[in-house]
Amino acid sequence: MGVRIGAEPDADDWPATEAEAVAAQDRLREAADLVGPGPDPDQVRTVGGVDVAYADDGDLVAAAVVLDATTLAVVDESVHVGRTDFPYIPGLLAFRELPSVAAALRGLSHRPEVIVCDGYGVAHPRRAGLAVHLGVLTGIPCFGVAKTPFLFDYAEPERQRGAWTPLTIDGEQVGRALRTQDGVKPVFVSVGSGIGLDNATALALRLAPDYRQPETTRAADHLARQRLAERAV
DNA sequence: GCGACAG
DNA sequence: ATCTTGTCGC
């Protein structure tokens with residue numbers, strides 16, 4: 001327990017207002033590595049997943065898991081129980097979730113080779129979504145897989161699993177709409193930092209052999225919800 | 001100006 | 001995100 005994840009979010013320097021958060025994202029964007037290429041999807045051995053579950057009273061549970069990239073079995077997991085002061089503001093999700101997610105990651109025994117986020121990377125108003133933030137912070141290749149579209153344009157991918165179409169913002173490519181299951185709504189893949197879009201797409205598809213969402217996200221989601229329900233006992 | 005808006 | 005019944009389908 002206690003794996004290095006790179007720099008930690010500085011509690012004293014953490015934005016408290018919307019304006020400060022936006023300014024922080026503008027600086028953060030410059031530090032991101034959008035090319036990678038990052039780990040070869042066929043050579044990766046471990047993949048990390050993170051997610052957060054919330055209670056009505058503001059309590060939260062952040063979960064971090066590590067899966068064997070071949071069997072997709074969970075080989076390591078960690079949770080952080082805490083709270084957030086930062087409200088949910090579209091475009092500023094990272095400032096609400098990231099400190100708790102980072103805490104959960106520090107509780108892992110094994111450092112994953114790549115991390116999958118539940119949300120956006122550069123498919124974001126300031127190209128600085130949760131996956132960009134986490135990738136820069138940890139130094140671990142990171143990308144995002146979101147369930148719903150925000151401000152980008154895209155054409156509907158073909159019906160079969162593996163089909164994808166580009167996500168664009170003002171003509172700029174910021175990710176892909178990827179069909180992970182035949183005839184099921186696509187997910188939205190975008191790079192965070194330390195990995196290229198081709199590898200991120202291939203990995204997302206490989207991590208979702210049976211369901212719409214990657215197993216990393218499913219495992220982290222289940223763990224967070226379970227621990228939140230057990231809380232207060 | 002108003003609404004919509006990752007999770 | 002979270003709150004929720006029944007319902008359709010494998």
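Below, chain A is the first sequence line, B the second, and so on; all start at residue 1.
- Salt bridge present: A:K147 and A:D118 bring a charged side-chain N and a carboxylate O closer than 4.0 Å.
- Looking at heavy-atom distances under 4.0 Å, A:A53 makes contact with sugar-phosphate atoms alone, never a base.
- When the P atom of C:dA1 is taken as reference, atom CG of A:D51 falls 7 Å away, rounded to whole Å.
- At the phosphate of B:dG7, OP1 or OP2 sits under 4.0 Å from a side-chain N or O atom of A:K147.
- Regarding A:F188, its CZ atom lies at a distance of 14 Å from the C1' atom of B:dC5, rounded to whole Å.
- At the heavy-atom level, A:G91 lies under 4.0 Å from base atoms of the strands shown.
- Put simply, CZ on A:R159 and CZ on A:R161 are 14.0 Å apart, with the number rounded to the nearest 0.5 Å.
- By the 5.5 Å and 30° criteria, A:Y120 is stacked with the base of B:dA6.
- Put simply, A:T148 has no side-chain N or O that comes within less than 4.0 Å of OP1 or OP2 on B:dC5.
- Between the C1' atom of B:dG7 and the CG atom of A:L134 lies a distance of 15 Å, rounded to the nearest Å.
- Here A:Y54 and A:Y88 keep their ring centres 6.0 angstrom or further from each other.
- Taking a cutoff of 4.0 Å between a charged side-chain nitrogen and a carboxylate oxygen, A:D182 and A:R179 do not qualify as a salt bridge.
- Look at CZ on A:F152: it is 11 Å from C1' on B:dC5, rounded to the nearest Å.
- Between the CG atom of A:L228 and the P atom of C:dA1 there is a distance of 13 Å, rounded to whole Å.
- Rounded to whole angstrom, the span from the CG atom of A:D57 across to the C1' atom of C:dA1 amounts to 14 Å.
- In this structure, A:L130 reaches the bases: a heavy-atom distance under 4.0 Å links it to at least one base atom across the strands shown.
- Look at A:R96 and you won't find any side-chain N or O under 4.0 angstrom from OP1 or OP2 of C:dA1.
- Within the nucleic acid shown, A:L98 has no heavy atom closer than 4.0 Å to any nucleic acid atom.
- For the pair A:D221 CG and B:dA6 C1', the computed distance is 15 Å after rounding to whole Å.
- Side-chain heavy atoms closer than 4.5 Å link hydrophobic residues (I, L, V, M, F, W, Y) into clusters, and following such links, even through other members, never connects A:V136 to A:I140.
- Here C:dC3 is the nucleotide among C:dA1, C:dC3, B:dA6 with the atom lying nearest to any side-chain atom of A:D56.
- With centres under 5.5 Å and a plane angle under 30° as the test, the ring of A:Y88 is not stacked against the base of C:dA1.
- Summarising the geometry, the separation between NE2 on A:H133 and P on B:dA6 is reported as 19 Å, rounded to the nearest angstrom.
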